[in-house]
Amino acid sequence: MSRGDGNGEGGSQRHAPEQLALIRETVRERKERQPRAKPRTWRGAEMAERLPVARVLVDKGLVHLDRYFDYAVPAAMDEEAQPGVRVRVRFGAGEREGRREGGGLINGFIVERRADTDFTGRLAPIAQVLSPEPVLTPQLLQLCRAVADRYAGSLADVVQLAVPPRRAKAEKQPSQRRPAKPPVPEPGGWERYPDGPAFLRALAEKAAPRAVWTALPGPGGWADELARAMATTLATGRGALAVLPDGKSAARVDAALTALVGEGQHVLLTADAGPEPRYRRWLAVSRGAVRAVVGTRAAMFAPVRRLGLAAIWEDGDSSHSEERAPQPHAREVLLQRAVTEQAAFLLGAHSCTVEAAQLVESGFARPLAADRDTVRAVMPRVRTAAEGDEGRDPAARSARLPSLAWRTAREALVRGPVLVQVPRRGYVPRLVCERCREPARCTHCSGPLEAAGEGTALRCGWCAREVPQWRCPMCSGTRLRGSVIGARRTAEELGRAFPSVPIRTSGGAHVLESVPDRPALVVATPGAEPVPEGEAGYAAALLLDGWALLSRPDLRSGEEALRRWLGAASLVRPQGEGGSVVVVAEESMRPVQALVRWDPAGHALRELADRAELGFPPVSRMAAVTGSPEAVAGLLAAAGDAGLPEEAQVLGPVPLPVPEPGRPRNPGDPPPGELWERALVRVPRGSGAALAAALKTAQVGRLTRREGPIAHVRIDPLDIG
DNA sequence: AGCACGCCGACT
DNA sequence: GTCGGCGTGCTC
């Protein structure tokens with residue numbers, strides 16, 4: 001069909017399967033269409049002269065509809081119906097009495113204008129152009145496609161994450177034009193890193209350096225340094241994007257960037273701005289009126305023009321992982337962007353994830369860290385205290401504090417606020433060797449062992465194999481311990497130990513942003529630590545959550561504990577100014593040693609080596625398949641037929657624990673009352689794309705053929721034991 | 001997922 | 001001869 005006017009009979013006949021059907025259809029069209037001379041719909045309408053076909057992405061996340069649909073462009077919409085605009089189209093309708101009807105109007109995006117279509121039926125017309133704003137640009141579309149492929153998801157789902165819902169009011173206003181390029185800023189705090197100035201120089205020369213930056217401790221420095229990297233990029237005329245784990249830290253980088261380049265160069269994209277201001281700011285970016293974005297994870301898709309720098313702060317924070325399908329991670333999306341948009345990449349944190357270590361190890365990024373001397377000069381004094389080591393001090397006993405922790409707090413409280421990090425509720429303990437505290441692992445697949453109930457045999461949480469007689473591979477011990485969840489009561493008991501000191505708490509629903517620089521006990525759960533006002537920092541920190549953090553049944557528990565501790569310890573004054581940290585945990589444990597030495601990168605490298613040995617992510621790529629036993633088995637079988645890589649290893653399936661009632665359900669969690677299973681599929685690094693493709697093909701096949709219940713697929717599952 | 005089409009049994 | 005059950009397949 002050369003013209004998508006919908007009246008031509010050629011389209012419906014040309015590929016008719018057999019002669020009979022062809023004749024029947026022709027007869028019916030003749031017979032039934034002619035008497036209806038004046039249909040009120042599109043049939044009489046003029047179609048666009050040039051490029052009368054619009055290829056449309058319909059806004060339905062269903063994986064088996066993950067393709068484009070062609071629609072005819074009415075002449076009246078010719079001008080506005082450009083690639084990238086939002087449209088409404090009829091979808092899902094059948095054909096009756098020779099004309100289209102039924103089928104709801106759904107939203108979509110035009111991705112392309114074409115001269116012809118390969119669809120053999122008759123094209124329906126676009127019902128409405130919602131707005132002439134080309135929001136889904138080719139580059140953003142390309143990014144969404146890549147993310148959908150990596151995560152075995154549908155394009156429409158990713159586009160929903162990437163393009164915010166429309167706000168007509170915001171679209172009507174023009175975006176203010178940006179001011180001139182700002183000057184190249186001074187390197188500032190980057191001088192503290194041997195390779196820091198060189199990194200900035202590379203940015204200033206429009207190169208695309210990639211770095212994993214281990215930020216020095218201190219409450220304020222990192223935000224300013226991140227802003228300086230962005231400002232340097234802006235000075236070249238290119239754009240910059242920084243993604244932060246929460247609105248609080250995003251606001252700090254935003255403020256630092258404003259101090260460097262003034263207003264008008266950048267926007268803050270966070271949820272707490274409200275939908276309309278947020279869309280206005282997003283539009284300013286999309287229109288090219290603003291070239292820099294500071295935001296939380298949804299900003300990872302921000303359509304920054306000529307991206308020169310993609311940055312992420314604290315990539316180990318779980319809020320960088322999107323909850324909505326297909327659950328992409330900001331670090332992975334920004335990596336993708338840095339490569340395809342040829343931008344610089346900066347991953348910064350006080351701690352270091354295994355993924356970050358791997359970026360360095362693989363040669364993709366260079367480490368950006370300070371010398372040991374510099375680290376020692378700014379880090380607090382860090383000491384360990386054994387659990388239950390309460391000494392003879394009655395006050396320490398009443399607070400259930402090790403005596404070192406109690407003495408440290410008492411001394412520090414003369415000079416300033418003292419942070420007390422306490423465990424959060426709901427940490428599940430994992431089984432460890434009672435003697436040496438080595439986590440109990442399956443001898444077959446290295447999954448975590450679980451006790452199904454009192455007196456029952458041990459079972460692997462991954463492959464479900466039973467382990468009747470466990471023996472520790474490190475010390476040959478045979479007894480296991482499940483660590484006790486830390487008592488939150490400690491916070492209250494502190495009040496009795498320090499009766500004259502004000503106590504402030506931060507955590508859960510009541511998170512304090514900052515506290516005055518005055519003596520006080522500040523009790524906070526990990527991640528909710530208030531920043532002390534001024535530049536000084538806490539006089540001391542007590543990290544009381546050691547066991548709770550280290551005994552979580554998660555591959556990342558060590559990394560996560562260290563990250564939490566470093567986050568708190570980074571807010572403490574340098575050793576030279578009396579800053580002191582006491583961590584209550586077993587001294588010999590790897591994350592504890594890494595904290596004492598302040599060596600997050602070294603810790604991550606050692607973890608990475610372990611993962612390589614055990615075949616864990618990120619050295620391998622994993623996918624989790626959850627659903628009813630039938631759904632999981634069906635999908636795995638279909639994936640096998642759909643080109644699952646030969647090296648793929650299927651672990652499990654194992655029954656999924658029933659989620660606690662009242663907890664918000666995540667995608668992939670079983671609905672109440674249903675017993676679900678989970679299987680893990682593991683492939684070597686490099687076969688990740690093939691894994692995602694096979695799972696998606698399997699999913700599509702089963703959905704279209706309606707084979708049994710549907711399974712949920714998650715690439716890079718977070719909680720794999 | 002919706003939704004229409006179509007090929008079989010109860011009813012006028 | 002017609003209405004309507006829900007199994008099957010498509011959605012421009």
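All values below come from the heavy atoms of this structure, side chains included, with hydrogens, waters and symmetry mates left out. Residue numbers start from 1 in every chain, and the chains themselves are labelled A, B, ... in the order their sequence lines are given, proteins ahead of strands.
- By the 30° and 60° cut-offs, the orientation of the rings of A:Phe91 relative to A:Phe69 is perpendicular.
- Considering only residues two or more places apart in sequence or on other chains, A:Asp70 meets the side-chain hydrogen bond (donor to acceptor under 3.5 Å, both in side chains) condition with A:Arg55, A:Thr117.
- Distance A:Arg90 CZ to B:dG2 P: 17 Å, rounded to the nearest Å.
- Residue-level contact check: A:Leu703 touches the backbone only, with heavy atoms under 4.0 Å from sugar-phosphate atoms and none from bases.
- Rounded to whole Å, atom P of C:dC12 lies 15 Å from atom CZ of A:Arg88.
- Protein atom CG of A:Leu62 is 16 Å distant from nucleotide atom P of C:dC10, rounded to whole Å.
- C:dC12 has no stacking from A:Phe69 on its base ring, since the centres under 5.5 angstrom apart and planes within 30 degrees of parallel are not both found.
- A:Arg67 comes within 4.0 angstrom of a nucleotide base, judged by non-hydrogen atoms across all strands.
- A donor-acceptor pair under 3.5 Å is formed between the side chain of A:Arg113 and the backbone N or O of A:Leu51.
- Atom CG of A:Leu65 is separated from atom C1' of C:dG9 by 12 Å (rounded to the nearest Å).
- Put simply, CZ on A:Phe91 is 8 Å from C1' on C:dC12, counting in whole angstrom units.
- When rounded to the nearest whole Å, the span between CD of A:Glu707 and P of B:dA1 equals 13 Å.
- Distance, A:Leu123 CG to C:dC10 P: 18 Å, rounded to whole Å.
- The stretch residues 617-643 of chain A participates, sequence neighbours left out, in no side-chain hydrogen bond (donor to acceptor under 3.5 Å, both in side chains) pair at all.
- One atom, CG of A:Leu105, and another, P of C:dC12, lie 11 Å apart when rounded to the nearest Å.
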